[in-house]
Amino acid sequence: MTKLRMGLIGVGGIAQDRHIPAYLNLSEKVELTAVHDVNESRAREVAEKFTIHHVFTNYHDMFEVVDAVTICTPNKFHTEISVAALEAGVHVLCEKPMAITTEECEQMIEASEKSNRLLSIAYHYRYTEVAQVAKQAVLNNEIGEPLVTRVQALRRRKVPGWGVFTNKELQGGGSLIDYGCHLLDLALWLLGNPEPVEVMGTTYNRLSKIPNQINDWGTFDHETFDVDDHVSGYITFQNGMSLLLECSWAANIKEDTKHISISGVDGGLNVYPYELYQPKHGTFMESFAKAEYDEHKAGFVQAENFVDSCLGEAELIVKPEQALSVTKIIEAIYKSNETGTSVRIV
């Protein structure tokens with residue numbers, strides 16, 4: 001069996017903690033061939049640690065020795081690198097979010113279509129067991145037509161104190177584009193990827209601008225903090241559904257909250273933990289599932305789906321057009337906050 005030759009562009013925490021272990025676990029299908037990072041010494045350390053033979057100082061040179069790349073750079077560079085790889089005939093798995101703007105996402109999709117190479121985005125929450133169970137419940141019409149969805153991605157005091165997460169120029173935003181995007185993507189996927197029509201949003205960063213804040217995830221400079229640490233949004237869709245979204249890195253709440261619930265015509269479901277609510281037999285019925293939420297396992301399933309898809313043995317679970325919809329909504333929330341009005345998405 002011919003192995004897929006994989007390259008890593010960006011070898012920070014997400015590459016070393018999720019992607020590289022997952023590919024090593026699939027050694028019968030994929031070979032970690034090359035790495036690139038703007039920090040050459042770090043790239044060489046990672047290559048030595050994981051026995052990766054090629055280290056490149058220019059990612060363009062990598063494309064000659066790989067069949068696919070996994071991009072783990074700051075958001076600003078997702079489009080530039082993805083397009084270059086696709087145009088070189090290389091498949092791309094890009095870390096979330098797809099890009100900072102809708103226009104950038106469209107450039108990536110166009111490059112994928114022209115090159116006939118795969119493009120997927122690492123929204124790994126979809127690959128958790130509990131998400132798969134919830135998806136099957138919706139597909140099996142357990143809740144009927146969805147009406148209202150509630151999404152919360154709330155952390156009490158977890159502003160990332162490492163990397164460039166609080167740098168707006170490099171990331172495009174804060175808690176919404178970094179964390180909220182995951183649960184927004186999962187909710188849209190569960191709903192069948194409805195077409196968004198109108199968005200109202202408000203962003204805040206008051207807490208993280210206050211000096212001497214308690215923070216569980218390291219330290220950051222409150223004076224240079226220029227991204228959102230709390231966001232609320234309301235989204236309506238072409239089919240009449242609505243979605244209420246709230247996300248935060250720093251909220252004055254009792255505890256971190258991860259929540260997706262969908263209320264439909266015939267029933268409702270909750271994802272964390274999985275519960276199904278239905279009016280049946282003259283009473284209210286509830287059912288439960290012992291479905292795991294394990295991001296580590298999800299990373300392995302994500303890698304396998306991408307590798308198998310590149311080898312022609314599977315279909316991508318996260319399609320680029322779906323990831324584009326997430327970015328459309330995020331971009332509209334930021335624009336709505338700037339203008340103080342709702343934003344129509346055409």
Side-chain angles (χ1 to χ4, degrees), residues 8-21 35-46 49 70-78 94-97 99-100 122-125 151-184 201-233 245-259 272 293-296 298-299 330 333-334 337-338:
L8 273 292
I9 300 178
V11 294
I14 199 69
Q16 295 184 56
D17 296 340
R18 177 167 297 132
H19 296 290
I20 291 177
V35 294
H36 162 81
D37 196 280
V38 292
N39 184 334
E40 184 181 350
S41 62
R42 180 169 65 176
R44 294 195 179 280
E45 289 172 4
V46 171
K49 178 180 179 181
T70 301
I71 299 171
C72 305
T73 67
N75 302 340
K76 179 179 180 179
F77 308 109
H78 285 184
C94 181
E95 257 301 332
K96 58 79 196 168
I100 294 175
Y123 281 120
H124 68 278
Y125 281 35
V151 177
Q152 289 184 308
L154 301 175
R155 292 171 177 160
R156 187 176 185 179
R157 283 294 190 282
K158 289 186 173 68
V159 176
W162 61 87
V164 295
F165 286 97
T166 61
N167 185 318
K168 187 175 183 179
E169 180 183 357
L170 293 178
Q171 293 295 88
S175 63
L176 174 59
I177 205 167
D178 167 59
Y179 180 38
C181 69
H182 268 305
L183 274 82
L184 177 59
T202 304
T203 73
Y204 307 88
N205 68 358
R206 292 279 299 279
L207 269 68
S208 297
K209 298 292 287 184
I210 299 172
N212 303 316
Q213 283 290 305
I214 299 170
N215 192 56
D216 293 337
W217 282 3
T219 59
F220 61 93
D221 187 348
H222 72 279
E223 294 184 351
T224 61
F225 189 95
D226 64 351
V227 295
D228 51 280
D229 63 8
H230 203 136
V231 174
S232 61
L245 170 69
E246 186 183 11
C247 68
S248 183
W249 279 340
N252 283 318
I253 54 177
K254 181 179 179 180
E255 58 189 3
D256 295 355
T257 301
K258 184 189 289 96
H259 175 84
Y272 305 110
Y293 170 76
D294 188 323
E295 290 192 49
H296 184 69
I330 290 172
I333 288 174
Y334 286 143
N337 180 74
E338 291 173 3

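If you're wondering where the values come from, they're calculated on a predicted model, not measured in any experiment. All heavy atoms count here, side chains included; hydrogens, waters and symmetry mates do not.
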- Taken to the nearest 0.5 Å, the spacing of Q171 CD from D228 CG works out to 11.0 Å

- Item | Closest contact, heavy atoms only, I100 versus I177 | CA-CD1, 4.4 Å

- Other residues, nucleotides, ligands: >12 heavy atoms within 6.0 Å of E295 CD: yes

- Out of curiosity, H78 NE2 to E95 CD, how far, rounded to the nearest 0.5 Å? 7.0 Å

- Message: So, taking the atom named OH in Y179 and the one named NZ in K96, what distance separates them when rounded to the nearest 0.5 Å?
- Response: 10.5 Å

- Message: The test is side chain to side chain contact (heavy atoms under 4.5 Å, CB included); show your working for T166 and V159 and say whether it passes.
- Response: CA-CA 8 Å; T166 61; V159 176; 3.9 Å; yes

- Lys/Arg N to Asp/Glu carboxylate O, K49 vs E45, below 4.0 Å: no

- Message: Looking at every heavy atom in both A15 and C72, which two are closest together, and how far apart are they?
- Response: CB-SG, 4.0 Å

- Can you tell me how far CG of N205 sits from CD1 of I210, rounded to the nearest 0.5 angstrom? 10.0 Å

- Item | Geometric class of the F165/W249 ring pair [parallel <30°, tilted 30-60°, perpendicular >60°] | perpendicular

- D37 to A43 - nearest heavy-atom pair and separation: CB-CB, 3.9 Å

- Atom CG in N167, atom NZ in K76: separation rounded to 0.5 Å? 8.5 Å

- Over all atoms of both residues, closest heavy-atom pair of H19 and L8: CB-CD1, 4.3 Å

- Note on the structure: In short, P160 meets D178 closest at the heavy-atom pair CG-OD2, 4.5 Å

- Check side chain to side chain donor-acceptor pair (under 3.5 Å) between H230 and all other residues, then give those that pass, not counting sequence neighbours. E246, S248

- Note on the structure: From the list I71, L170, I9, side-chain contact (heavy atoms from CB on, under 4.5 Å) with F77 holds only for L170

- Task: Grab the two heavy atoms, one from A250 and one from S208, that are nearest each other, plus how far apart they are.
- Result: CB-OG, 4.1 Å

- Between OG1 of T203 and CG of L176, what distance do you get to the nearest 0.5 Å? 9.0 Å

- Item | Residues V151, L184; criterion side chain to side chain contact (heavy atoms under 4.5 Å, CB included); working and verdict | CA-CA 7 Å; V151 177; L184 177 59; 5.5 Å; no

- Message: Determine whether H124 and R18 satisfy the following criterion, side chain to side chain contact (heavy atoms under 4.5 Å, CB included), listing intermediate values before the conclusion.
- Response: CA-CA 10 Å; H124 68 278; R18 177 167 297 132; 3.3 Å; yes

- Query: How about R156 and N215: does a side-chain donor come under 3.5 Å of a side-chain acceptor?
  - Reply: no

- NZ (K258) with more than 12 external heavy atoms under 6.0 Å: yes

- Message: So C181 and Y123, do their side chains get closer than 4.5 Å, heavy atoms only?
- Response: yes

- Message: Walk me through whether S41 and N39 qualify under side chain to side chain donor-acceptor pair (under 3.5 Å).
- Response: CA-CA 6 Å; S41 62; N39 184 334; 2.7 Å; yes

- Message: D256 vs R157, test: side chain to side chain contact (heavy atoms under 4.5 Å, CB included). Steps then yes/no.
- Response: CA-CA 9 Å; D256 295 355; R157 283 294 190 282; over 6 Å; no

